[in-house]
Amino acid sequence: MYRTHTCGELRLDKKGSTVTLAGWIQRKRELGGMTFIDLRDRYGITQLVFNEKTPESVSQNLKTLGREFVIQVIGTVDERSSKNKNIPTGEIEINVKKLKILNSSLTPPFTIEENSDGGDDLRMKYRYLDLRRTPVKNNLLLRSKMSHLIRNYLIEQNFAEIETPDLMKSTPEGARDFVVPSRLNPGQFYALPQSPQIFKQLLMIAGFDRYFQIARCFRDEDLRADRQPEFTQIDCEMSFVEQEDILELFEGLIKHLFKDIKNLSLNDFPRLPYYDAMDLYGSDKPDIRFGMKIHEMTKFLKGKNFKIFDESEYIGGICAEGCGNYSRKQLNQLTDYVKRPQIGAKGLVYLKYNADGTFKSSVDKFYTTEDLKKWAEIFGAKAGDLILVLCGKKSKTQIQLGTLRLEIASKMKLTDNNIYKPLWVIDFPQFEWDQENNRWHAMHHPFTAPKDEDLPLLDTDPGKVRANAYDLVINGVEVGGGSLRIFHQDLQAKMFKVLGFTKESAEEQFGFLMNAFKYGAPPHAGIAFGLDRLVSMFAGLDSIRDVIAFPKNNAGRDMMNDAPSSISDIQLEELNIKVNLPKD
RNA sequence: GGUGCGGUAGUUCAGUUGGUUUAGAAUGACGGCCUGUCACGCCGUAGGUCACGGGUUCGAGCCCCGUCCGCACCGCCA
């Protein structure tokens, strides 16, 4: 037996008993006549003590022990004469009688501490060492706990957990596929699933009624702090339900997680139609931890001979509370911020509501004091506030205002990571216009059911069709989304037509699904949550990398094993693949 | 595909306008002293291809060009 206890469990009640522990050496403190060692495992740290009474056979080995050696000790549980209140085992220590070195260790390239001295790339290269650190370890344990809670909740609700294939058919819609060559079918490829979407719909047709899966998904697109090439979805689908049933059941799941893990009882989630979200927050995933809502000013500010405004389709602004004391320099910085090509505003108009009640604006020669006062009233501004106004094309300007709103909020530190403000964004548009390819494409996915009352618009004005689609947003992060699905073959065929598929290509790509619809497909709907984002939110992190055991970097590389890599000529030959890299 | 920031000791960083001859600090490592530490303390030692390649200059860690690598973001991600 390697151990009788873990390094996190011994307390004073075991005083006097003989125990065996195994773990890693966190730290050694030599005080001449005596030595302390902090022994660490997944469960905690227990102090070992060695002194002049320690057997010679043990103490002679002390010198050789270094950080991260793996050792096994047998000793008695003693009460400490000076206790450490900062750790759970701080009242006891192990008086070591026997010591066995199970394995030595090189000195690790960074310190295995709560706050490591290691930089990101080094810690990624030695991920297995980084995972020994308490905060990273706890993230993975949190993830495990959340997966467990989610499974239990859904299974209690009669969901069946069913696996679907990872090797599937490439489909043209959506993200770029990761592709796997088929040796048995030369020249042909599987695709890794972007999500189990079609399979779960087929499971509904098969009559499974309530399905879920904690599924790995793959999308070959560029990465971000919150986007990995492979990520995990809590994938769910239900039959014989309406939108209301889905929202209620999964709101329950999220509340359950917050209650169990954070001991927070969340209020019912507000619901915000997509266009309201854009009007008020300039985003389809608004952060509603703070207000600073967008106010449209088009009518009010036009017609005063300020040419830029007069020529704009839309004028809108936000009120930054307490920023009225911004200096010229700070305002210039904000102007530069919105003019960066990534945001693309042409300029920034401000209205300062000075502490003394006067107004100062970059455009005050076009407006009377009375105008400026009304202007401030529309925003509900107080003395000491700063109003920032952008103008241009409506939807573009709203998005710019939304970005500016987040920038101001982060400058003013309005985003407390211990506060959680979830909401449902509903009534998404069915289609987005794809300028590059000059066609409509599905905003959610091509299987999403349009609102019944908007069906006539499919032929006349697709851009106005609203979908039965919904997203769950928490603190400005899209943590989940789903929709009611099309379950009639003719409507699905029509959808493909609007999306620009010919009858033949729709048949070739999705014939099996439309065929399945002919055999009694029940009405069904579903939702999927991003587990990585959900866990990182519960862990209070902005990046999902630290809730993934072995994540990939910016460029999709695994920095530990340096995947992806080239493969041997033999492998290529078996697959009938010729690599054709661009020259230079 | 694009924008920005960064790369100096094992590690995290400092390094002024291009010029004090030997590129610093902290931490880690190693050696010594120390019987109640828990970020132990004290003394000492070793440790550098200043990412790589080119250029400007009397002189480059510092300026310029290119490459590589990391991070954040835009495009992209139904």
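In what follows, every chain begins at residue 1, and chains take the letters A, B, ... in the order their sequences are listed.
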Span that lies between the [atom1] atom of [M] and that of [N], in whole angstrom:
N	M	atom1	value
B:G75	B:G2	C1'	8 Å
B:U16	B:G7	P	12 Å
B:G44	B:G70	P	41 Å
B:U45	B:U3	P	49 Å
B:G18	B:U56	C1'	11 Å
B:G55	B:A60	P	12 Å
B:C50	B:A25	C1'	16 Å
B:A29	B:G66	P	42 Å

Once hydrogens and angles are ignored, does a donor-acceptor distance under 3.5 Å link the base of [N] to the side chain of [X]?
X	N	answer
A:Glu93	B:G36	yes
A:Arg224	B:G75	yes
A:Gln47	B:U37	yes
A:Asp222	B:C76	no
A:Arg340	B:C73	no
A:Arg227	B:C76	yes

N or O in side chain of [X] less than 4.0 angstrom from [N] OP1/OP2:
X	N	result
A:Asn553	B:G70	yes
A:Arg545	B:C71	yes
A:Asn51	B:U35	no
A:Arg29	B:C40	yes

What is the distance, rounded to the nearest whole Å, between atom CD of A:Glu478 and atom P of B:C76?
15 Å
Which whole-number value in Å describes the distance from A:Glu436 CD to B:G1 C1'?
11 Å
Base, sugar-phosphate, or nothing for [X], non-hydrogen atoms under 4.0 angstrom?
X	result
A:Phe110	nothing
A:Pro341	nothing
A:Ser81	base
A:Glu52	base
A:Met124	nothing

Once the angle between the rings of [X] and [Y] is folded into 0 to 90°, is it parallel (under 30°), tilted (30 to 60°) or perpendicular (over 60°)?
X	Y	value
A:Tyr126	A:Tyr128	perpendicular
A:Phe218	A:Phe178	perpendicular
A:Phe517	A:His524	tilted

Given the rule in the side-chain contact (heavy atoms from CB on, under 4.5 Å) test, do A:Thr54 and A:Lys97 qualify, once you have shown the distances and angles that lead to the verdict?
CA-CA 6 Å; A:Thr54 302; A:Lys97 304 287 194 249; over 6 Å; no
Under a 3.5 Å limit for both distances, which nucleotide forms a Watson-Crick or G-U wobble pair with [N], could you say?
N	value
B:G24	B:C13
B:G19	B:C58
B:G4	B:C71

Of the nucleotides B:G36, B:U11, B:A29, which one has an atom closest to the side chain of A:Asp117?
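Looking only at heavy atoms from C-beta outward on A:Asp117, the closest nucleotide is B:U11.
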Nearest to the side chain of A:Arg80, heavy atoms from C-beta on, is which of B:C71, B:C73, B:C38?
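Given the options B:C71, B:C73, B:C38, the side chain of A:Arg80 is closest to B:C38.
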Can you work out whether A:Pro109 or A:Ile87 has the more 5'-proximal nearest nucleotide on RNA chain B?
A:Pro109
For the NZ atom on A:Lys125, are there more than 12 heavy atoms of other groups (residues, nucleotides or ligands in this structure) within a distance under 6.0 Å?
no
I want to know whether A:Phe510 and A:Phe496 have ring centres closer than 6.0 Å.
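That pair passes the under 6.0 Å test.
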Answer yes or no: is there a side-chain heavy-atom contact under 4.5 Å between A:Thr64 and A:Ile101?
yes
